[in-house]
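Below: one structure, written as structure tokens.
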Amino acid sequence: MTNSTATKAYGYTDLHRLMSLMTGDEKHGPASTSTLDALWVLYDRVLRGGGPGRTEDPERDRFLLSKGHGPMAYYAVLAARGFFGEDVLTGFGGYDSPLGHHPDRMLVPGAEIGSGSLGHGLPLAVGTVLGLRAQGLTGPRVWVMTGDAEMDEGSNHEALAYAGPAGLQQLHTVVIDNASASYARPGGLAARFEAAGWSVLTVDGTDHEALHAAFTAPHPGRPHAVIARTAPKG
């Protein structure tokens, strides 16, 4: 599938209709829906460069979907932003469709990584920042979206513990907290990031203005985490 520019303008109110075009088993609909607002604010108002036709621009911001279970919202947002036509959505999960139950960066325009196995996105985001630094690219920002349950994974804790002391200012993490984690943490998720030297804000994950303010808050010399709380959805 090749990149294409949308011929019509889409807004947030179109996203649920776009998601409804994806049918079949293994949709993980509730888990996906919990990401919809944060994804829309990022793609509509925050991410710089890298739109349709510019997916190889070295100066683009990178978005990594670590929460790769139930990518319906992600596909809907990518379609709305013109990476591919909405007609592609109807094939979701089909044998001949590029839109699998987990995103594949080799098949989905705009996808930076293949995701689905929990706990890989944040380490990959750390490596992406280090790779950009090695190339002298200090402008592009790296965003990674994880789920709260994903933060139980040891690989995430290692990445989290490294990024703070390393001062990876280009790194941004959005944690969708829909109360699906198996283990409680003293002080909650925010305390874990703060202990590792991150800048952290906690917001209502359905409030677009609050999300935008949190996403764009300054955090000189430190990586930034936004805990986006949503209703328990799985």
Side-chain angles (χ1 to χ4, degrees), residues 9-15 33-52 54-55 57-67 73-74 76-78 80-83 110-113 121-122 124-126 128-133 137-148 150-151 156 159-160 163-178 188-230:
Y10 292 89
Y12 174 76
T13 56
D14 295 301
L15 296 180
T33 302
S34 68
T35 70
L36 189 62
D37 295 279
L39 282 169
W40 178 252
V41 173
L42 281 171
Y43 273 87
D44 188 51
R45 302 171 61 182
V46 178
L47 295 176
R48 302 175 303 195
R54 297 183 59 195
T55 55
D57 184 348
E59 294 293 340
R60 74 189 185 281
D61 286 349
R62 275 71 166 172
F63 174 79
L64 282 57
L65 181 69
S66 185
K67 188 176 169 60
Y74 184 46
V77 169
L78 288 177
R81 300 307 295 173
F83 286 91
E112 296 280 358
I113 61 171
L122 186 53
L124 285 169
V126 168
T128 301
V129 171
L130 294 176
L132 290 170
R133 282 187 170 188
L137 296 170
T138 58
R141 302 169 299 184
V142 177
W143 295 81
V144 56
M145 175 177 284
T146 77
D148 58 328
E150 254 188 294
M151 298 309 297
N156 272 333
L160 190 158
L168 301 187
Q169 181 177 318
Q170 288 168 266
L171 178 61
H172 304 72
T173 298
V174 184
V175 183
I176 303 298
D177 184 1
N178 56 15
L189 283 165
R192 177 67 184 89
F193 281 94
E194 289 170 348
W198 288 57
S199 164
V200 190
L201 291 170
T202 300
V203 298
D204 178 347
T206 64
D207 184 329
H208 290 198
E209 293 306 318
L211 285 165
H212 181 259
F215 291 160
T216 56
H219 50 96
R222 295 191 291 169
H224 185 52
V226 176
I227 314 300
R229 289 180 172 167
T230 69

Exam field: side chain [X] to backbone [Y], donor-acceptor pair closer than 3.5 Å:
X: D61; Y: G49; answer: no
X: R48; Y: G139; answer: yes
X: R133; Y: T128; answer: no
X: S66; Y: G121; answer: yes
X: D207; Y: D204; answer: no
X: R222; Y: W198; answer: yes

Work out which heavy atom in [X] is nearest to a heavy atom in [Y]; give both atom names and the distance.
X: R62; Y: D57; value: NH1-O, 4.1 Å
X: N178; Y: S34; value: ND2-OG, 3.3 Å
X: V46; Y: R141; value: O-NH2, 2.8 Å
X: T202; Y: A190; value: OG1-CB, 3.8 Å
X: A214; Y: L201; value: CA-CD1, 3.8 Å
X: L211; Y: G205; value: CD1-O, 3.5 Å

- Task: Could you tell me how the ring of Y12 sits relative to the ring of W40: parallel (under 30°), tilted (30 to 60°) or perpendicular (over 60°)?
- Result: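 Taking W40 first and then Y12, their aromatic rings sit tilted (interplane angle of 30° to 60°).
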Heavy-atom distance under 4.5 Å between the side chains of [X] and [Y], does that happen here?
X: V126; Y: L171; value: yes
X: L160; Y: F193; value: yes
X: L65; Y: I113; value: no
X: V203; Y: I227; value: no
X: V142; Y: L132; value: yes
X: R81; Y: D44; value: yes
X: T173; Y: T146; value: yes

- Task: Would you please indicate if the ring centroids of F215 and H224 are separated by under 6.0 Å?
- Result: no
- Could you check T138 against Q170 for side-chain hydrogen bond (donor to acceptor under 3.5 Å, both in side chains), going step by step and ending with a plain yes or no? CA-CA 7 Å; T138 58; Q170 288 168 266; 5.9 Å; no
- Candidate pair V174 and V144, rule side-chain contact (heavy atoms from CB on, under 4.5 Å), full reasoning: CA-CA 6 Å; V174 184; V144 56; over 6 Å; no
- Task: Apply salt bridge (charged side-chain N to carboxylate O under 4.0 Å, His left out) to E112 and list each qualifying residue two or more places apart in sequence or on a separate chain.
- Result: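 Listed in chain order: R60.
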- Task: Before giving the answer on side-chain contact (heavy atoms from CB on, under 4.5 Å), spell out for M151 and R192 the whole-Å C-alpha distance, their side-chain angles and the decisive distance to 0.1 Å.
- Result: CA-CA 10 Å; M151 298 309 297; R192 177 67 184 89; over 6 Å; no
- Task: Kindly indicate, with the supporting measurements, whether the criterion side-chain contact (heavy atoms from CB on, under 4.5 Å) is fulfilled by H172 and V226.
- Result: CA-CA 8 Å; H172 304 72; V226 176; over 6 Å; no
- Message: Is it the case that atom CZ in R229 sees more than 12 heavy atoms from other parts of the structure closer than 6.0 Å?
- Response: no
- Query: Checking side-chain contact (heavy atoms from CB on, under 4.5 Å) for the pair M145/L64: CA distance, chi angles, key distance, verdict?
  - Reply: CA-CA 6 Å; M145 175 177 284; L64 282 57; over 6 Å; no
- Query: How long is the span from the CD1 atom in I176 to the OG1 atom in T33, to the nearest 0.5 Å?
  - Reply: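 Those atoms lie 11.5 Å apart.
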